[in-house]
Each structure stands twice: as structure tokens, then as C-alpha cells.
Amino acid sequence: MHTRFAPSPTGRLHLGHALSATRAHDCARTAGGRFSLRIEDIDGTRSRPEHVEAILRDLEWLGLGWDGPVTFQSQRLNLYQQALDRLRNMGLLYPCFCTRADIAASLSAPHGPEGTAYPGICRGLAAPDLTRPHSWRLDVAKALKLPLSFSQGGRGIWWHDIFAGHIRADPLSHGDIILARKDAPASYHLAATVDDAAQGITHIVRGKDLFGATHIHRLLQALLDLPTPEYRHHELLLGPDGQRLAKRHGAPTLEAMRLAGEDGRALADRLREGRLPVGFRSAKA
Ligand code: GLU
């Protein structure tokens with residue numbers, strides 16, 4: 001068994017991250033497996049070295065040691081480029097020049113049940129001008145029409161979550177997702193999927209907020225001939241305001257608790273037992 005914790009260094013970690021890291025760590029340790037730490041720092045505009053520093057200290061404070069060197073996605077861009085080239089050669093990518101405003105304006109027209117999915121404005125452009133800033137999107141409908149063995153005799157592609165059971169991937173409802181951004185050489189979806197396979201991750205333990213992303217990751221695995229790990233999307237933590245903990249909502253940071261002299265190992269133990277600090281609770285759904 002090989003699990004990982006894969007934070008984005010775009011802010012300090014909070015209690016939700018501590019729960020996720022503890023779960024992934026314990027899952028590997030209980031089985032005598034490996035636990036890796038991967039820093040998802042391809043977002044050059046938002047990633048900060050001081051957040052990386054704090055993440056490493058927080059994990060040590062929680063008593064969650066990792067195996068092997070820390071991996072940095074910013075040092076693995078060639079891997080993502082290879083995957084992009086492969087998908088482009090399969091005719092599955094198209095450049096997209098849309099701004100957020102273009103997409104928002106277009107979405108004011110009815111676009112079916114998945115209102116937020118990209119409406120395909122740039123799909124099928126006759127002569128795209130690649131000197132203009134652009135992202136690369138996956139033509140999901142086209143990908144799903146490929147006569148590949150992954151479709152398992154027309155029964156679709158599946159993944160398994162220990163809590164949710166067998167799930168049929170439904171990537172179409174996410175629209176044509178971005179695989180390379182205007183401002184970053186790869187998107188989270190592409191980089192995480194490629195890395196999980198390259199690092200031999202067998203079990204992905206992460207919060208339920210990323211359950212939906214797995215529909216896309218599963219399609220990418222099928223297209224790139226990558227193995228499909230086992231998934232454990234665990235419950236999320238809600239703060240005293242009843243909201244899911246989030247960096248942008250100013251959730252209390254692990255760093256603040258650490259600097260206040262709290263015992264990190266005791267905190268990790270309390271999370272293991274489901275004993276949360278006053279005011280916090282876990283959301284099962
Ligand atoms: N980097 C992602 C985040 O911090 C998590 C990636 C994952 O676990 O797949 O939200």
C-alpha cells in the first residue's frame with residue numbers, strides 16, 4: 001500500500017488538512033506500506049515557499065513522518081508535458097481563449113443541468129491563433145467515443161471508493177476541463193493523475209470535496225493507460241460557523257496551534273478518535 005498527502009502551498013494548513021494527512025498516513029502505516037508527501041506547487045502565482053516550510057513543520061508536529069524525499073510538482077513539469085502531448089496527438093485537446101467573463105456571459109443562456117460546465121465555446125475553432133494566451137481543454141465527449149478497451153464492452157469506466165462503493169465515472173457532467181492553464185503548464189487534474197500513477201500510489205485518501213474530481217481523474221487514467229487506485233474520500237470538517245473549513249474563510253491554522261504550544265501528536269490522536277475541538281464537527285455528507 002502506498003498513500004500520499006498532496007497539499008497545495010497556497011496557504012497554511014488547517015484542521016481539515018490534519019485529518020486528511022492523518023488518515024492517509026495511518027492507512028499506509030497500519031498496512032506496513034509507504035506514505036509520501038507531494039507538494040502541489042504548479043500554481044506559480046499562488047504557491048509560496050513559506051507555506052511549504054510551514055506544511056513540513058506542521059506534519060512533523062502532528063507526528064506524521066513521510067517516506068522518501070518530498071516531491072514538488074514544479075520539478076516534474078516534463079511529465080505533465082508528455083501526457084499533454086500524448087492527448088494532443090490523440091486529437092483530444094483544443095486551445096481555449098475564453099476569459100471568465102466570456103464563460104459567464106455564455107452561461108446566462110440555458111446549458112443543461114450542469115450549469116457551471118464549460119459550454120464548449122472554443123471547441124472546433126477552424127484556425128486558432130496560438131500566439132494569443134490560451135489554455136488547453138479536453139474534448140470529453142470525443143474522448144468517451146474512442147473505441148478503447150477502457151470502456152469495458154460499453155459498460156463505461158468505473159472506480160471504487162471504500163465508503164461510496166462502485167462508482168461509474170461521469171466525466172461528461174464536468175464539461176471540457178482544462179488540462180493546461182493559461183498561467184500554468186498543467187492543471188491540478190492532469191498533474192495529480194500523472195503523479196499518482198508515476199509514484200505508484202495505490203490508495204488515494206482525501207476529503208470528499210475532491211470526490212467529483214475523481215470522475216475526471218478516472219477518465220484521464222483510461223486515456224493515458226494508467227492504473228486506477230483505490231479511493232477513500234473521507235468526511236469533511238465543519239467549523240463553528242457550520243461551513244467547511246477553507247483557507248480562504250480564515251479557518252484556524254495548524255501553525256497558530258503549533259506556535260501556541262499545543263501538542264500536535266495529541267491533536268492527531270484526538271482526530272483519530274473523532275474528538276474534535278469545541279465547535280467543530282464532521283459532515284458525513
Ligand atoms: N492539492 C489538492 C489540495 O490541496 C489535493 C490533491 C489531492 O489530494 O488529490 O486540495
Side-chain angles (χ1 to χ4, degrees), residues 1-28 34-49 51-56 58-59 62 64 66 70-77 79-80 83 159 161-164 167 169 171 174 177-179 181 184-221 224 226-237 244-249 251 253-255:
M1 180 182 288
H2 190 173
T3 66
R4 53 38 167 207
F5 178 55
S8 306
T10 54
R12 300 298 207 248
L13 300 185
H14 53 59
L15 215 50
H17 295 111
L19 176 72
S20 217
T22 305
R23 289 283 172 85
H25 167 273
D26 292 4
C27 183
R34 285 175 65 77
F35 172 62
S36 292
L37 174 60
R38 182 171 78 224
I39 302 292
E40 302 208 320
D41 60 347
I42 34 176
D43 184 338
T45 51
R46 292 170 62 225
S47 298
R48 298 260 182 280
H51 296 318
V52 175
E53 190 58 34
I55 289 169
L56 303 185
D58 290 343
L59 293 177
L62 290 164
L64 307 176
W66 57 89
V70 181
T71 325
F72 291 86
Q73 286 192 325
S74 57
Q75 294 168 7
R76 299 163 66 81
L77 301 182
L79 275 184
Y80 316 140
W159 46 283
D161 183 281
I162 192 161
F163 303 116
I167 308 287
H174 294 259
I177 42 118
I178 290 186
L179 295 187
R181 294 166 31 169
S187 68
Y188 155 65
H189 296 305
L190 182 73
T193 305
V194 166
D195 276 342
D196 284 331
Q199 295 183 281
I201 303 300
T202 61
H203 290 68
I204 295 191
V205 182
R206 62 184 174 198
K208 275 191 180 166
D209 51 331
L210 291 169
F211 191 92
T214 309
H215 290 283
I216 297 160
H217 300 178
R218 182 65 190 93
L219 173 62
L220 291 174
Q221 289 156 7
L224 294 166
L226 304 176
T228 302
E230 181 77 13
Y231 290 87
R232 297 183 179 198
H233 290 99
H234 61 74
E235 75 279 11
L236 302 175
L237 295 188
R244 179 162 78 74
L245 300 187
K247 291 170 190 166
R248 63 184 179 284
H249 296 147
T253 66
L254 299 183
E255 180 181 56

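Order of appearance sets the numbers: ligands from 1, and atoms from 1 within every ligand.
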(request) For ligand 1, list the protein residues that place a heavy atom within a distance below 4.0 Å of one of its atoms, sorted by chain and number. (result) Arg4, Ala6, Pro7, Ser8, Glu40, Tyr188, Arg206, Leu210
(message) What verdict does the ring pair (Phe, Tyr, Trp, His ring centres under 6.0 Å) test give for Trp66 and Phe5, after you've listed the backbone C-alpha separation in whole Å, the side-chain angles of each residue and the deciding distance to 0.1 Å?
(response) CA-CA 9 Å; Trp66 57 89; Phe5 178 55; 9.7 Å; no
(request) Measure the acute angle between the ring planes of His215 and Phe211, then classify it against the limits of 30° and 60° as parallel, tilted or perpendicular. (result) perpendicular
(request) Please identify each residue that fulfils side-chain contact (heavy atoms from CB on, under 4.5 Å) with Arg38, with sequence neighbours left out. (result) Arg4, Ala6, Glu40, Thr71, Gln73, Ala192, Asp195, Asp196, Gln199
(request) Just grab all the salt bridge (charged side-chain N to carboxylate O under 4.0 Å, His left out) pairs involving residues 5-21, residues at least two apart or on different chains. (result) Arg12-Glu255
(request) Can you sort out the partners of Ala28 under side-chain contact (heavy atoms from CB on, under 4.5 Å), two or more places apart, ordered by chain and number? (result) Thr3, Phe35
(message) Ignoring hydrogens and geometry beyond distance, is a side-chain donor-acceptor pair present between Thr214 and Arg206 at under 3.5 Å?
(response) yes
